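Proteins get letters first, then strands, A, B, ... in listed order; numbering begins at 1 in each. All of these numbers come straight from a predicted model, not from anything done at the bench.
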Number of protein chains: 2
Amino acid sequence: MGSTTKIRDVARLAGVSTATVSRAIHHPAVVTKETRAKVDRAVRQTGYAGNAMARNLRRMETRMIVVLVPNIGNIFFSELLSGIETTAADNGYSILIGDTTSDPGRARVFADYVRGAQADGMILLDGKPPYFAAPASGLDGQAAAANQPPVVVLSERLPGYDFPTVCIDNVAAARGATAYLIGQGHRAIAHITGPLENILTAERRRGYRAALHAAGLPRPPGYEVTGDFSIRSGRLAMAGLLAMARRPTAIFCSNDEMAIGAITAIRAAGLSVPGDISVIGFDDIQFAGCYDPPITTVRQPRRLIGATGMALMADILAHKTVAGGDRVLPTELILRASSGKVSAAP
Amino acid sequence: MGSTTKIRDVARLAGVSTATVSRAIHHPAVVTKETRAKVDRAVRQTGYAGNAMARNLRRMETRMIVVLVPNIGNIFFSELLSGIETTAADNGYSILIGDTTSDPGRARVFADYVRGAQADGMILLDGKPPYFAAPASGLDGQAAAANQPPVVVLSERLPGYDFPTVCIDNVAAARGATAYLIGQGHRAIAHITGPLENILTAERRRGYRAALHAAGLPRPPGYEVTGDFSIRSGRLAMAGLLAMARRPTAIFCSNDEMAIGAITAIRAAGLSVPGDISVIGFDDIQFAGCYDPPITTVRQPRRLIGATGMALMADILAHKTVAGGDRVLPTELILRASSGKVSAAP
DNA sequence: ACAGGTCATGTAAAGCGTTACATTCGGCGT
DNA sequence: ACGCCGAATGTAACGCTTTACATGACCTGT
């Protein structure tokens with residue numbers, strides 16, 4: 001009982017060869033019932049646990065998937081992760097989470113995990129291409145992809161790369177949300193965006209603009225304010241909007257946290273939601289429905305996105321087929337109390 | 001450029017042995033500047049990335065830590081994870097997250113990761129002992145521990161086991177919160193607990209009871225209601241309390257989500273917080289301060305707990321010393337608008 | 001100029017389990 | 001009764017890297 005038990009020890013105790021022990025454990029069907037019993041007993045007696053490093057090396061797989069996420073602490077991603085984890089487990093995979101908030105350099109470390117066969121594939125939630133991938137360029141895209149580890153992109157599209165992707169139609173969803181506000185009679189609708197370099201941000205803004213344009217509404221300067229998806233940034237952005245000469249009557253926020261921040265700021269200014277100003281969020285995080293007032297928002301099927309993405313990854317790893325094409329999952333505008341008809345013009 | 005580049009290919013290209021390549025990469029100091037340059041060039045040319053499985057096997061370590069968490073989707077844990085991740089990265093480790101919500105059987109799978117050397121250590125956030133560990137029993141505890149993979153327990157204590165632990169003093173914190181309510185003149189204070197089998201729940205309840213006892217207050221039947229840490233359970237529990245003949249004037253909730261649920265229920269009944277009923281939560285999750293009203297709560301240093309725990313783990317792995325003793329981190333009662341002086345008795 | 005020492009590099013042996021291939025045994029068909 | 005076939009097990013190579021030890025070259029001090 002000195003150090004760990006090795007397969008040899010089990011074999012000796014069971015009176016069989018190491019090959020038989022391995023078979024009894026991994027392919028029980030090919031050994032006799034008696035042999036299996038002997039091995040099982042020896043395994044229990046020794047507390048043998050195999051050695052994953054050796055097994056991985058031999059099998060040339062780790063059944064581990066790297067998931068690159070901008071911020072685990074963010075509830076939006078943590079629910080997405082939860083969907084990924086569940087499906088991963090169902091397929092015998094585990095997920096290795098890489099948080100890139102604190103240090104963008106971590107992205108490289110985790111990309112190297114896949115390149116170094118520490119993980120079998122990589123799922124990207126941060127909307128940034130892995131450093132080792134070159135943009136798809138027609139013909140040699142296929143050839144180049146052949147030697148690259150499998151990558152699946154979730155939640156945002158990566159323009160210029162042709163990784164399999166699971167996402168929603170951000171443009172349409174944002175357009176729908178804005179159109180709803182217009183339908184409620186709002187004419188002065190502002191937009192609090194995410195960070196500008198963010199693809200998601202750009203898409204949602206595009207949808208917002210498209211809706212205004214379709215309704216023939218102007219886009220007054222200053223009506224698009226940049227936030228960073230945090231509650232605080234929503235509050236600050238809203239404070240700026242409240243100070244404007246022509247104050248908006250409705251705000252479309254690029255996520256729910258900023259909507260919460262916006263509502264806080266509106267109330268701090270002595271105004272009411274939705275009495276004076278309507279607010280719409282995006283994502284439908286759990287707290288959106290429990291806030292006071294409950295927040296109108298665009299629901300994203302987070303768990304489904306995660307599950308679909310992981311299923312896709314498992315499929316690619318199993319069949320080695322890169323099933324192209326984006327999976328676009330549906331969104332839903334959830335109407336709650338934070339939005340309503342425009343009040344009499346101020 | 002057929003399959004992946006191996007160290008042999010790099011060695012050939014650089015005109016040195018594989019040993020030298022390995023040294024040039026991992027111990028640059030011991031090779032000549034010229035050799036290093038040759039190797040570097042060959043590495044860049046071939047895009048060599050090493051093979052982690054082989055390296056792990058040889059080094060007998062994976063620099064990976066399993067973290068067992070009850071629910072990644074829960075914001076409390078995701079922030080704890082964030083603290084762990086950051087410190088892990090600083091120490092050259094990565095974390096492998098195991099979610100046990102969906103399937104408690106996963107706990108076994110992940111415990112086997114450590115046993116099978118797929119991971120170097122395990123951090124437990126779910127307050128449940130790993131299946132392979134026997135309760136500490138005096139003398140042989142040390143001996144048994146020697147062959148076990150390192151385990152660190154965070155956030156809750158595991159009575160009967162002597163794993164290194166980073167936690168808060170739940171009893172004292174709960175007592176403090178309850179005592180504060182008593183100080184505000186409340187005499188009818190109810191408690192919404194977590195799941196009963198939960199150690200945390202038991203500790204906080206103990207603190208609650210202790211405070212009542214110290215103040216000579218009775219514990220009316222039905223004043224302790226069991227929840228499950230979800231918003232919904234807080235709402236339901238509160239609905240039950242509101243229906244009681246002698247309605248409480250203050251509620252101490254075992255976490256913030258249940259406090260939010262409680263507030264929702266109180267308002268739905270046409271009462272106000274804190275006008276009619278004061279509510280206190282626990283944890284100080286991000287949303288507690290942004291809720292309307294902002295929630296009085298006990299702040300736990302989540303990131304610090306995670307960081308301290310991971311640092312402890314790194315220390316154990318580096319020095320092989322099992323530094324015993326619990327690290328008890330301080331909590332803080334954050335006074336906000338959801339609680340106040342007792343109103344005129346009903 | 002030679003012994004002894006240092007430094008850089010090469011050689012080859014682990015590290016542990018899996019699996020292709022070889023072997024043995026028993027049974028069955030003719 | 002013999003040969004063939006299939007099933008069960010054993011043998012040994014292999015996966016890729018790291019590192020202890022060996023080797024060789026070069027330098028220094030006497």
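Using a 4.0 Å heavy-atom criterion, one finds that A:Val21 contacts no nucleic acid atom at all. If you check every strand for non-hydrogen atoms under 4.0 Å, A:Thr32 touches sugar and phosphate atoms only. Nucleic acid contact class of A:Arg23 (heavy atoms, under 4.0 Å, all strands): base.
Between B:Asn51 atom CG and D:dT18 atom P the separation is 9 Å, expressed in whole Å. What separates CZ of B:Arg8 from P of D:dT18 is a distance of 13 Å, to the nearest Å. Atom-to-atom, CD1 of B:Ile7 to C1' of D:dC14 comes out at 17 Å; the value is rounded to the nearest Å.
Donor-acceptor pairing under 3.5 Å, judged by distance alone, is absent between the side chain of A:Arg58 and the base of C:dG15.
Checking D:dC16, D:dG10, C:dG15 against the side-chain heavy atoms of B:Lys6 singles out D:dC16 as nearest. With C:dC16, D:dT18, C:dT19 as the candidates, the nucleotide lying closest to the side chain of B:His26 is D:dT18. Side-chain proximity of A:Arg59 to D:dT19, D:dC16, C:dT19: nearest is C:dT19.
Taking 4.0 angstrom as the limit, A:His27 places none of its side-chain polar atoms (N or O) nearer than this to OP1 or OP2 of C:dT18. Of the side-chain N and O atoms in B:Thr18, none sit less than 4.0 angstrom from OP1 or OP2 of D:dT18. Phosphate proximity of D:dT17 to B:Tyr48: present, with a side-chain N or O under 4.0 Å from OP1 or OP2. The side chain of B:Thr20 contributes an N or O atom lying less than 4.0 Å from OP1 or OP2 of C:dG10.
Note: A:Tyr113 and A:Phe110 have perpendicular aromatic rings, judged against thresholds of 30 and 60 degrees for the angle between ring planes.
When the nearest nucleotides of DNA chain C are assigned to B:Ser17 and B:Met60 by heavy-atom distance, the more 5′-ward of the two goes with B:Ser17. Residue order along DNA chain C, read from the 5' end via each residue's closest nucleotide, puts B:Val30 first among B:Val30 and A:Ala19.
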What do the steps show when you test B:Leu154 against B:Ile84 for side chain to side chain contact (heavy atoms under 4.5 Å, CB included), and what is the final call?
-> CA-CA 10 Å; B:Leu154 299 196; B:Ile84 296 176; 3.9 Å; yes
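Distance check, rounded to the nearest 0.5 Å: CG of A:Asn71 to CD of B:Glu85 gives 10.5 Å.
Between the side chains of B:Asn56 and A:Gln118, at least one donor-acceptor pair of N or O atoms lies under 3.5 Å. A side-chain N or O of A:Arg303 and one of A:Ser82 form a donor-acceptor pair less than 3.5 Å apart.
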